[in-house]
Structure formats: C-alpha cells, structure tokens
Amino acid sequence: MYKKLFIPGPTHVRDEILQAQAAPMIGHRASEYSDLQADLTPKLQTMLYTEQRVYLYACSSTGMMEGSVRQASTQRILNTVCGAFSKRWHQLTAANGVPCDKIEVPMGQAITPEMVDEALSSGAYDAITIVMNETSTGLMNPIQETAALIHAKYPDVLILVDAVSAMAGAKIEFDAWGLDVCLAGVQKCFALPPGLTVCAVSDRARERALQVPNRGYYFAYDQMDKRYEKHQTPATPAISLLHALNAQMDAILAEGLENRWNRHKEMAAYVQDWARKHFALYSDEKYLSHTVTNVENTRGISVADLNSELGKRGAMISNGYGDLKEKCFRIAHMGDLTLEDLEWLTAQIEDILGL
Ligand SMILES: *Cc1c(COP(=O)(O)O)cnc(C)c1O
C-alpha cells in the first residue's frame with residue numbers, strides 16, 4: 001500500500017513533480033540543457049535571497065558536506081555537534097584528513113553564539129560547520145545570530161551550513177546573513193525524489209578554495225566555475241531531477257516565499273501543541289524546528305507498532321534517531337505537506353492509541 005511520508009526525508013512527492021522527471025532526455029552539452037539550468041538557477045537564488053553562485057551536484061547531501069569541508073580551510077575547521085548529522089560532518093571532515101576539532105552539546109540542545117565565540121577565540125580556526133536544522137533532534141540552531149557574531153569578531157572564518165532539512169522550508173537569507181556555504185539535498189523540504197544537492201557558495205569561499213591544494217575535483221568550485229557561465233556542470237548532471245526541481249521551484253515561487261515559510265511554521269506549531277498535549281517535546285523549547293518535531297515517548301508506547309498501524313492507514317512516521325529509538329518518534333512537517341495532512345495524521349495516532 002502507498003504510504004504518505006511524514007518522515008524527515010525522503011518526503012511526500014506530488015504526482016506533478018514525479019511526472020516532471022519523465023521529460024525526454026536531452027544532451028548535457030546541448031543548448032536545451034543550458035536553457036534548463038539558466039532557467040532554474042535564478043529561481044534558487046531568489047529563494048535563498050542571494051546574488052552569489054548556486055551550484056547543482058548529482059549526489060545526496062552528504063556528498064557536498066564532504067566536498068565543502070575539503071575546500072574551506074588552510075588551517076583548521078571547527079565542527080559544532082548537536083546531534084547525528086552535525087556529528088557526521090565532524091566525522092567526515094576528519095576522515096578527509098582535514099585538521100579539525102569539535103565542540104559538542106547533548107542531543108536536544110542548540111549551538112549558541114556564545115559557545116561558538118568561546119571556541120573561535122583560540123584563533124585556531126578559519127572555518128566552522130553548523131547544522132541549521134538538526135533532523136535527529138528536531139532542533140533549529142540560531143544560525144543568523146551565530147553568523148552575525150562570527151562576522152563581527154572573526155571575519156576570516158568561513159561559515160558552512162548544512163541546511164538539508166531547512167532549505168525550501170525555512171527562510172535562509174544567504175547574502176544578508178553572510179553565509180559562505182549552504183547546502184541541501186532535495187528529498188527533504190524541496191519534496192523531490194533524492195539524488196540532487198543544491199549548494200550556495202559565497203565569492204569569498206570560492207577564493208579560499210583556490211588556496212587549498214587538495215581540494216578534490218568532483219565538488220571543487222573552480223571545476224564547477226569552468227562551466228557555470230555556460231549554464232552547465234563539468235560532470236553529467238541529474239537531468240531528470242533538474243526538470244523536477246525546475247517545476248517545483250515554479251510552484252514554490254507561486255506559493256510565495258513568505259507564505260511557504262509561514263505554512264511550515266503553522267504546521268510546526270500545530271504538531272508541537274499536539275505533542276505537548278499528549279506526550280512531551282524532546283528538544284529545548286527555545287529552538288524548536290519548523291520542519292520536524294521530535295516527540296518524547298512519555299507514554300512508553302511501541303513506536304514500531306504505532307508505525308505499522310499507521311502503515312495500514314497509509315502513513316509513515318519516523319522512530320527516534322539512533323539512541324533515541326523508541327524513546328522518541330519524529331513527525332516531519334516539511335515540503336508539500338499541509339496543515340490538513342497533519343490534522344489527519346494526529347487524528348489517526350489518537351485513534352490508534354486510544355488517546
Ligand atoms: C538528511 C540529512 C543529511 C543527510 O542527507 P543525505 O541526503 O542522506 O546525504 C544531512 N544533514 C541533515 C541535517 C539531514 O537532515
């Protein structure tokens with residue numbers, strides 16, 4: 001049976017978007033392809049409030065998490081860890097042989113400007129990684145405030161942001177906030193099939209990359225730049241997904257960006273209220289996510305059983321991540337889901353659990 005996905009990626013994909021992928025194949029050095037990329041890129045720039053470059057990579061988000069740390073630093077990187085995905089960024093920075101250290105807070109807590117200030121004050125770092133929305137805990141870090149602090153006190157530190165479960169669901173003003181790298185795979189708030197990553201990169205991050213000798217090749221900005229103005233990519237792009245993304249960006253801009261951000265906030269507020277009423281919220285109330293809610297399983301229900309019952313009714317939620325399995329469950333409210341979808345879902349959960 002088809003299940004509507006209320007999991008934090010991949011998310012529910014509308015039929016029109018699935019069909020947009022079925023456009024006839026085109027050659028990636030043909031003008032038809034350049035026309036597609038030239039049409040699409042400005043829409044992404046509009047959504048990210050940026051006039052700087054936005055690259056398209058054929059990979060899931062983790063690919064570009066790796067690509068970005070390989071070309072960000074000639075000194076050391078500070079990785080900030082507040083859950084599973086920000087931890088992954090630290091692990092893969094180290095696995096690439098890039099000098100790095102981490103600061104870490106317990107799951108459910110945020111990375112604050114004060115913590116970042118203290119860590120950067122050693123002067124050892126020229127780049128920092130921060131997850132905007134920690135999907136494993138349902139927490140949104142105060143990226144804008146942290147970026148402002150970094151610009152005021154540590155102007156040489158590049159700011160790399162994993163916005164995988166935030167981009168296209170929450171406002172990110174790339175230029176005004178002064179971000180240097182902001183990346184996201186499209187299977188979350190963009191509500192597309194997986195396999196494509198969107199990445200905005202500042203001019204100063206592109207300059208920094210040129211000073212990093214072993215910056216790699218596939219993700220290297222200077223390689224991408226050889227084709228950027230021709231509206232092409234050096235390696236074969238995920239053409240079918242780009243058709244889908246182009247169609248989805250039209251829908252996103254037609255919805256209106258502010259409307260889209262507000263719809264996500266409304267869905268979040270609804271699910272948070274529901275969770276407070278029947279269970280509890282796991283993460284710090286001050287930093288709750290707009291796109292996914294981590295519900296603490298205060299009733300000791302079997303999350304696995306709940307999910308299999310939901311499956312019979314055509315829906316799927318997520319168990320807690322890693323150590324939080326069965327201690328929590330996660331309801332995603334991102335992409336093309338609506339408040340009505342969430343009202344339907346919570347009614348099903350109440351019915352199944354007899355709440
Ligand atoms: C899903 C997710 C990732 C990993 O994305 P992939 O597309 O599976 O590589 C990284 N960071 C965050 C915050 C995520 O939610």
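Whatever order the structure lists ligands and atoms in, that order sets their numbers, starting from 1.
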Notebook entry, point to check: Is the distance between the ring centroids of F85 and Y321 under 6.0 Å?
Noted result: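 For F85 and Y321, the ring centres are under 6.0 Å apart.
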
Margin query: Go through it in stages, so that I can follow the logic: the residues are R276 and E285, the test is salt bridge (Lys or Arg N to Asp or Glu O under 4.0 Å), and I'd like the CA-CA distance, side-chain angles, deciding distance and then a yes or no.
Written below: CA-CA 11 Å; R276 279 188 204 99; E285 284 269 354; 2.8 Å; yes

Check: Between R227 and Q232, is a side chain to side chain donor-acceptor pair (under 3.5 Å) present by the stated rule, with each step listed?
Finding: CA-CA 5 Å; R227 294 276 179 180; Q232 293 182 3; 3.1 Å; yes

Next item on the list: Please state whether the rings of Y2 and H12 are parallel, tilted or perpendicular, taking 30° and 60° as the class boundaries.
Entry: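 Judged by the thresholds at 30° and 60°, the geometry between Y2 and H12 is perpendicular.
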
Item checked: Contact residues of ligand 1 (heavy atom under 4.0 Å), by chain and number ->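 Its neighbours under 4.0 Å (heavy atoms only) are S60, S61, T62, M65, F85, R88, V131, N133, T135, D162, V164, S165, Q187, K188, given by chain and number.
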
Next item on the list: Look only at the side chain of D175 and the backbone of E51, and say whether a donor-acceptor pair between them is shorter than 3.5 Å.
Entry: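 A pair under 3.5 Å: yes.
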
Notebook entry, point to check: So, do L139 and Y282 sit near enough that their side-chain heavy atoms are less than 4.5 Å apart?
Noted result: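 No, side chains not in contact.
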
